[in-house]
Amino acid sequence: MSTYISKEVSDDLARARIAGLKKMSRLRVEHGGMFYTVLRLWRDGFAVEAVSTPPLRGLVDIYEGPNLLYQCLIVASGGEGGEMVYEFKRHTLAQDRAPLDFERAVDAPVGLLGEG
């Protein structure tokens, strides 16, 4: 017995799945000053909704809520089921402070007190 699902039903299922992923996701990708919902994120890439997200390329930032998680260099790797998939060429974990170019001693003072 073969199972056949019409294209209309298949498209409706894909839209419902994406709507559910968008509703649950706190992840966003920023490109060119605009934000787009990240449907899925994994070690080597992420997926966004194909119809509501323009083609992305180059350097992007990925946020969870208001927090910057990664700065990424991306390349499109394909699309299926209403999603567009991107792979990381490079992704760097965001830091809350600038990197130091010297070693800080463990017992270094955190500030100086002055007379004022």
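If you read the sequence from its start, that first residue is 1, and numbering goes on from there. Note: hydrogens, waters and symmetry copies are ignored here, and every other heavy atom, side chains too, is used.
- Shown here for Val75 and Lys89, the closest heavy-atom pair between the two residues is CG1-CG, 4.0 Å.
- Ring-plane geometry between Tyr70 and His91 is classed as perpendicular, the angle between the planes exceeding 60 degrees on a 0 to 90 degree scale with a lower cut at 30.
- The shortest distance between side-chain heavy atoms of Ile74 and Phe88 falls below 4.5 Å.
- The line from CD of Glu87 to CH2 of Trp42 is 8.0 Å long, rounded to the nearest 0.5 Å.
- Summarising the geometry, atom OG1 belonging to Thr53 is positioned 11.5 Å from atom NE2 belonging to His31; distances are rounded to the nearest 0.5 Å.
- Val48 has its side chain within reach of Met84: a pair of non-hydrogen atoms, C-beta onward, lies under 4.5 Å apart.
- Counting only heavy atoms from C-beta outward, the side chains of Tyr36 and Leu56 approach each other to under 4.5 Å.
- Taking the six-membered ring where tryptophan is involved, the planes of Tyr63 and Phe35 are perpendicular, since the angle between them exceeds 60° and thus also 30°.
- Taking the side chain as every heavy atom from C-beta outward, Pro66 and Arg26 approach each other to under 4.5 Å.
- A heavy-atom distance below 4.5 Å is found between the side chains of Leu69 and Leu27.
- Within the model, atoms CD of Gln71 and CD of Glu30 stand 10.0 Å from one another, a figure rounded to the nearest 0.5 Å.
- Between Tyr86 and Val38 there is no side-chain heavy-atom pair separated by less than 4.5 Å.
- Taking each heavy atom of Cys72 and Ile62 in turn, the nearest pair found is SG-CD1, 3.9 Å.
- When hydrophobic clusters are built by joining Ile, Leu, Val, Met, Phe, Trp and Tyr residues whose side-chain heavy atoms come closer than 4.5 Å, directly or via intermediates, Val60 is grouped together with Met34.
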